[in-house]
Amino acid sequence: MRVLVTGGLGFIGSHTVCDLLESGYDVTIIDNLYNSKEVVLERIKEITGRAPNFYKFDVQNKEKLEEVFKKEKIDAIIHFAGYKAVGESVEKPLEYYENNLDTTFALLWMMKKYGTKNFVFSSSATIYGVPDKVPLKETDPRKEATSPYGESKVMIERILEDVSHVNKDYNIAILRYFNPIGAHKSGLLGEDPNGIPNNLLPYINKVAVGELKYLNVFGNDYPTKDGTGVRDYIHVLDLARGHVLALKKLETNPGLVIYNLGTGKGTSVLEMIKAYEEATNIKIPYEIKPRRSGDVAINYADCSKANIELGFKAKYTIKDACLDGYNYQLAEEKRKNS
Ligand code: WQD
């Protein structure tokens, strides 16, 4: 079975490609390297001993996309390619809506033309907006997201539902991620954003290796256990596994299905700092700063549906993810300086 993975050289994409290859799937990657590096392709081969097919272009390019579908029989698509920085999306709404929706439209037209029936979509817990209650269930309503990034995910989910209604033979899995963290145990794959990271763990990783002086903790006056923001942090290896299990589910012709992929546990910023220090034996200095606009106080998943229907259960701990993320950051620093 051949799986087309768009954005397959990115953080979550590359870990998923490794799991797919190690599970016996054939993989084709399309990635325009907007938020990834081509060296990741070599690292995937080093980790798995198998080589995915790779094409470097933007998925919005329908001509090039059609060449791939003409050349290769694509049995399923996992669509990661998209812009994903919440703050940036507020500054660049047009780019975010155009890129995230047009890549999806291009793929859906190819599915129609070339008979591909299986589609896995990379969605986000951000579609729940400001939660009324936690843990969040898949039956909780989609709400107006707090950013064009989140809104683009809401729109795509609704487009997939409407497309599913008129294509009863399509099998579509919408996967709502919570907060992906960590890195591959080999130290070869991980998250290494350019510039100053927006997200918590990449920022802490840079503090740990001395690239940044201290962590800004955005607010300690939230109605949470210690006043700092609470999130559901899931190891990227568990997230990758969730995609392979979702793909297997599509082989049972379920139509359109939606799953939360998280751990079902909430961790505060201060708890994360403590876990990181215990896992790595490195002190992480921090300063309390005002709340960041757009942040919610608390957000974590009810993952019982994925557990029951996919057999999905996160097996790595927060400390595993902290140590794996730190080891990746260290390895990257060494590679950059060699
Ligand atoms: C987590 C917690 C911050 C940085 C976003 C998107 C989501 C997904 C993951 C794409 C919050 C606090 C953070 C820092 C801090 N992205 N924090 N200092 O905002 O929950 O989720 O990224 O799929 O869709 O919404 O993640 O890591 O930015 O923040 O105190 O320097 O850490 O306030 O409580 P977030 P995050």
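Counting starts at 1 for both ligands and their atoms, following the listed order. This chain uses plain numbering: 1 for the first residue, then up along the sequence. Fair warning: this is a prediction, and the values are worked out from it, not measured in the lab.
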For ligand 1, which of its N or O atoms have a protein N or O partner closer than 3.5 Å, and how long is each gap?
unit_1: ligand 1; atom_1: 18 (N); unit_2: N216; atom_2: O; d: 2.8
unit_1: ligand 1; atom_1: 19 (O); unit_2: R292; atom_2: NH2; d: 3.0
unit_1: ligand 1; atom_1: 20 (O); unit_2: N179; atom_2: ND2; d: 3.0
unit_1: ligand 1; atom_1: 20 (O); unit_2: R231; atom_2: NE; d: 2.6
unit_1: ligand 1; atom_1: 22 (O); unit_2: N199; atom_2: ND2; d: 3.1
unit_1: ligand 1; atom_1: 23 (O); unit_2: Y149; atom_2: OH; d: 2.7
unit_1: ligand 1; atom_1: 24 (O); unit_2: S124; atom_2: OG; d: 2.9
unit_1: ligand 1; atom_1: 26 (O); unit_2: N179; atom_2: ND2; d: 3.1
unit_1: ligand 1; atom_1: 27 (O); unit_2: L200; atom_2: N; d: 2.8
unit_1: ligand 1; atom_1: 28 (O); unit_2: N199; atom_2: ND2; d: 3.0
unit_1: ligand 1; atom_1: 28 (O); unit_2: R292; atom_2: NH1; d: 3.3
unit_1: ligand 1; atom_1: 28 (O); unit_2: R292; atom_2: NH2; d: 2.8
unit_1: ligand 1; atom_1: 29 (O); unit_2: R292; atom_2: NH2; d: 3.3
unit_1: ligand 1; atom_1: 30 (O); unit_2: N216; atom_2: O; d: 3.4
unit_1: ligand 1; atom_1: 30 (O); unit_2: F218; atom_2: N; d: 2.9
unit_1: ligand 1; atom_1: 33 (O); unit_2: D295; atom_2: OD2; d: 2.6

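Residues K113 and E66 form a side-chain contact, since some pair of their non-hydrogen atoms from C-beta on lies under 4.5 Å apart.
Residue I174 is grouped with residue F105 when hydrophobic side chains (ILVMFWY) are merged at heavy-atom distances under 4.5 angstrom, including chains of intermediate members.
Between D58 and K64 there is no salt bridge, since no side-chain nitrogen of the basic residue lies less than 4.0 Å from a carboxylate oxygen of the acidic one.
In this structure, F119 and F121 have parallel ring planes: the angle between them is below the 30° cut-off, well short of the 60° mark.
The cationic atom of K289 (NZ for Lys, CZ for Arg) does not lie both less than 6.0 Å from the six-membered ring centre of F218 and within 45° of the ring axis.
Considering D320, N327, D324 in turn, D324 is the only one that fulfils the side chain to side chain donor-acceptor pair (under 3.5 Å) rule with K185.
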